[in-house]
Structures are given as structure tokens and as C-alpha cells.
2 protein chains.
Amino acid sequence: MADLGPYDLLLSVAERGSMGRAAAAHGVSQAAVSARVRSLEAALGVTLLERSPRGTTLTPAGALVAGWARSAVDAAEALEAGIASLRAEQSSRLRVAASLTVAEYLLPRWLVALRTRNPGTAVSLSSQNSTDVAADVLADRADVGFVEAPTVPDELDAQVVARDQLTVVVSPDHPWARRRHGIDAARLATTPLVAREHGSGTRSHLERAIGSLAEPVLELASTTAIKNAAAGGVAPAVLSSLAVAPDLAAGTLVAVPVRGVALHRALSAVWHRGRPLTGPSEDLVRIATGSG
Amino acid sequence: MADLGPYDLLLSVAERGSMGRAAAAHGVSQAAVSARVRSLEAALGVTLLERSPRGTTLTPAGALVAGWARSAVDAAEALEAGIASLRAEQSSRLRVAASLTVAEYLLPRWLVALRTRNPGTAVSLSSQNSTDVAADVLADRADVGFVEAPTVPDELDAQVVARDQLTVVVSPDHPWARRRHGIDAARLATTPLVAREHGSGTRSHLERAIGSLAEPVLELASTTAIKNAAAGGVAPAVLSSLAVAPDLAAGTLVAVPVRGVALHRALSAVWHRGRPLTGPSEDLVRIATGSG
DNA sequence: GTAGGGGCACAACCGCAGCTTATGGGTGCA
DNA sequence: TGCACCCATAAGCTGCGGTTGTGCCCCTAC
């Protein structure tokens, strides 16, 4: 598995136009940057930078690599931001409680954005189901919460920040993959699926939306396991659109439209009514809203 | 910048249920896995794995970290797949030519999927504009091409594999960000934008779609630079939806709907008519189609 | 014309991270 | 009771990546 350090350095050099400036920005010597970029090029067998006595610019291949590297580095930054929020230091100025879907797929990116806007803020995250999130906010164990629940207690103010959609996904070989107009809700209700264990938020939301479900052909504990089973052709699965977006882009899974039933749900920020949002929490909610 | 190695290992352990099996899968000793996971936990200050004499399972925090890590590792794999295709070995069995948008945002993921399906295939990639891609395929310098052009030469067979949409993006503070119903085409045509240099495919497509454009307020060479300028509030920008998806999710940019004009374009696979797709190229096109 | 500054590369040295093998302690199953 | 499987620890080694110091090149400014 690749170490992203050299790629981060490459992006820095590309952005600043010279190895020396990139070195200064990273707090290392110019020689170290030169050596690392050089060894990266050697490993790839491709020249990435056009050196000149006036600085460096990306070669065409370098620009392509830099674009790919940007995605990977951004994902790694989201990972780091999430982890930083898990450390649960006492001194954290902003305590966030979030449901699993939000915590897994949205919060890390929001935290990256928050950090660029508000570098000093330490954030602590606790993740659980939507009712527990509301309880944490009510009990002042969290400054702001993010939930999937359709309704929230009266003592909380709420604002919809994003919309999530339950998506039926199948393997590209599955017959449903070729149906351009998808399936109807009755068909979905009578087809055995690969599902989360009973009690998961996604599963209960689906049951509520279409009335009843056939007995699952397989119950698995993790989203990844379900995706693998669906991609392997075991049976269709129903997952959050946030969870399956990369797989749809990669072509390992295909989305099947469902007619006659609304499968989206709102994701809301909640906070204590009468205790208005303070600086960092307000920023976070605004960032989250921007993503809707 | 984080080294993804330990996270990759963590995912392996989580998937296989034991450190020993993960070690075997990675071709290292069990002691190395134990030490690395331990040092990862120490660095994060969080226990990720529940050890038992019968194996290991993820703690709740571990599951969250594993989910984030999965995204980062997948992005890194896409990066590696792209790089492998750039090495341009002579022995490459599948030669792909792709326009910049496809090469940057779609191909790496397709290549990851292709590799899992067809591990032995070596792929070489060349990226350029759409007309050059068609020329490469015609001259048999590439087995299959991916283009954005609305029409292709008669000697080529084509199949639409995905749809791309030009998206107007602004900073979250921009007045347009609050217009839920967006703007109309005339407003877009008369507003100075941050744009790619003249001649870029995205820019010429936009000009064709809305007739004329105001003189740009700023011309920049890279997509990233344009995004930064737009996010900084310089002016609105128009970019491929593929390019801005992560920024929309992070909330650093906000999409503005445009009424009265169709801004999508088709991305097509093309190949020599009469020289039907062979095994790996057929697989690749099928994977790409699955993403539509 | 020439001096200076900024830019990249090379050489020599060093410290530490991570791997290996070997071993020990623990649990469950036949 | 022994075996199989699991994880943790110890001790030794290798090599990657960092540092400083130096050289060369090109452009610019005086």
C-alpha cells in the first residue's frame, strides 16, 4: 500500500512552483524534497516534474498523477480529521454527536472544511443511533448532533442539512441491472435481499417505506460485507446512496430505480432550543448545509 | 501525511478475523502485524480491535475508523491503478486512450475493477483531447478510447458509458448559493466566471451550450486552481460534476442549478468498427457502462 | 560584464521504524 | 491431556529518509 507522503509533497511542489518552497512549507530541507520526488519518479518510471533553474512545473503525466493524488490525499485527510475527532480529549471545544451514516460518510469531510476555516478548534465525536444522539444533545453531552430521524424532540431545534437516498444495488450481471426503468415497490417487497441485521436504521427505514419485506437471503453486520455480497451476485441490497457512490462510479455495483415509493430521508442537524449555536458549531452546521 | 499501510492491514485483519491470517495474506510475519496494529492504536489513542484467543473483531470505534480507512485505501488503489497504466510498458495487452476528464476522474476506478476481474492484464493509458483519442483508435495505437465529443468518426463504433454534467459552483457565501431555484441561462451568460484557458473542452462545450460567454474574470490552467478561486469567492465557475463532487460533499463549494439550458454531455467508449472488442477491452467497457 | 541569488542535484553520515526469528502464555476442542 | 490456533514480547538487523555541506546552472540587476 502506497505511502501518500511523496504524493503530498508532489502536490505541494506543483502548487508552489518550486521544491525549495515546498520544503519550507513542510519543514524539511530542500535536499529531502529533491530526493523524495526523484525516488517517486524512479518508482513510477515516469517523469512528473519539469525542472528548470527557475522552478518546476508538472509534466502532462505529472498533472494526471497529481489529480489522482489529490483525491487520495483528500481521502486520507478526511480519515485523519475523523480520527482526530475520536480522540475525545477533555479540552475539546466542540462536541459532536452523529448517527452512523453521517459519522461515516459526511462528517470527516465537514471536519476538514471546518479545520481550514477554524484551525484551532478541537472536535470530539461520538457516534450512535439517532435517538441516542438526541439524548446526548438534550443532556448537554454534545453541542450539536446529526440525525436521520424523521422527527426530533420538541426541546431541539433542527435544520435539514442533507438528503440521503436508499438505493437498490445489484451486481452488473444481475437481470435488474438491464432494466432502465427499474422495478416497482411490490417487486422489491417480495424479493429476498442481502440486508443489515434487524434493527439497523437503514433496514427499519426501508420496512417503513414499503410496508413489508421478504425474509432476507443473508444478514450481514457491515456495509462493506453487504456490498461485496451484492457485487458477487448473491442478491440485491438496499444501502444509503452515500455508501454506494464509489461502487457505482467504479461499476462494481449498479443502481436500480424503484418506482412508486419515496426512498429518501432527511439528515438534520439538531441543537438545544434556546441554546443557540456558538461559533464553531454554527460553522459546522453551515458547512454541512452547503453540502445539501 | 498518514501512511496507509497500517490502515490497509487493519482492514485486512477486520475482514479475515485474525491477525495471523492477515499476516499470511500480506506475506509478513504475525508479529509484524501485531506490532503495527498496536502502534497504530497507540498513535490514535483508541483501541480498534477486540483481541481474544479465538481471533479479533473491530470495536465500535474501530468500525468507524475502518470505514473511513476504506475510502482512503480505495482512493489510493485508484491512484496506483492509474499509475500502473501510465508506465506504458511495451507488453501491455490493453492500450487505452482517454480524454482528460475520463482519465482523471473515471478511469482509475474502472481499472481497479478491471484488475479484480482480470488480474493479469497490463493496461497502458494515454490521455489527450477527444479528437486525438479518436485518431489513436483509428490508427490502432489504442484498443479502445473514451471521449466526450458529441460525434465520432464513421469508422468508429461508439457506446455511451456515462453522463457528465457541467455544474455551476460558487462559494457558500455567494448570493447564488441561497437561490434554491438557481439562475437562468441568460444570467450565466452575462456573468464573468473563473474559467479554464480558451480551448479547453469544458469551456468550449459551455460556450456552445449557452451561445456566448462574458469575458472571464480570471483564467487558470488547472481544475484545482479554479476550484480554489471559486471557493475563495472570486467568481462562479463551471466545472464537470465529476470534478466538483467531493467539494460539494465537503461544503466548500455549492452547486447552482441553471434553468433553461441542458448542460450535460455524454461520455462514450469508441473502438474500431469491424474490430470488435476483445476480452479485456470488452470487460473495461462493460465496467464503464455499469457506472452510468 | 559580472556578481549575486534562487533553484536543483550529489555525497557522506546518522538515527529510527519496521521486519525477522524465536519463544511464551492463553483458550478451546478432540 | 495434548494439539491447534491465537496474540504478545524480545533481540537483532536492514534500509529508508533525514540532515548538513557543496557544486553547478541560469537569470537578473547593477
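Every chain is numbered from 1, with letters handed out A, B, ... down the list of sequences.
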Under the side chain to side chain donor-acceptor pair (under 3.5 Å) test, which residues partner [X], sequence neighbours left out?
X        : value
A:Arg16  : A:Ser12
A:Thr101 : A:Glu148
A:Arg117 : none

Round to a whole Å and report the spacing from [atom1] of [X] to [atom2] of [N].
X       : N      : atom1 : atom2 : answer
A:Arg51 : C:dC8  : CZ    : P     : 9 Å
B:Arg16 : D:dC5  : CZ    : P     : 17 Å
A:Arg38 : C:dA11 : CZ    : P     : 11 Å

(request) Tell me which residues in residues 40-48 of chain B put a heavy atom below 4.0 Å from DNA chain D, sorted by number, or none. (result)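 Close to the strand, none.
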(request) Look at B:Ser34 and D:dC7 and indicate whether a side-chain polar atom (N or O) is within less than 4.0 Å of OP1 or OP2. (result) no
(request) Tell me yes or no: between the side chains of A:Asn118 and A:Thr121, is some donor less than 3.5 Å from an acceptor? (result) yes
(request) Taking A:Trp68 for its side chain and B:Ala75 for its backbone only, find out whether a donor-acceptor pair lies under 3.5 Å. (result)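 Answer holds: no.
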(request) Could you please spell out the steps behind the salt bridge (charged side-chain N to carboxylate O under 4.0 Å, His left out) verdict for B:Arg115 and B:Glu80? (result) CA-CA 11 Å; B:Arg115 192 168 50 184; B:Glu80 287 182 343; 5.1 Å; no
(message) At under 4.0 Å between heavy atoms, how does the protein contact nucleotides 16-30 of chain D? Give one character per nucleotide, 5' to 3', with B, S or -.
(response) -SSBB-----SS---
(message) Once side-chain hydrogen bond (donor to acceptor under 3.5 Å, both in side chains) is applied, what residue pairs with a partner in residues 42-66 of chain B remain, sequence neighbours excluded?
(response) B:Glu41-B:Arg51
(message) How long is the straight-line distance from CG of A:Asp3 back to CZ of A:Arg36, given to the nearest 0.5 Å?
(response)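 Going from CZ on A:Arg36 over to CG on A:Asp3, the span is 6.0 Å.
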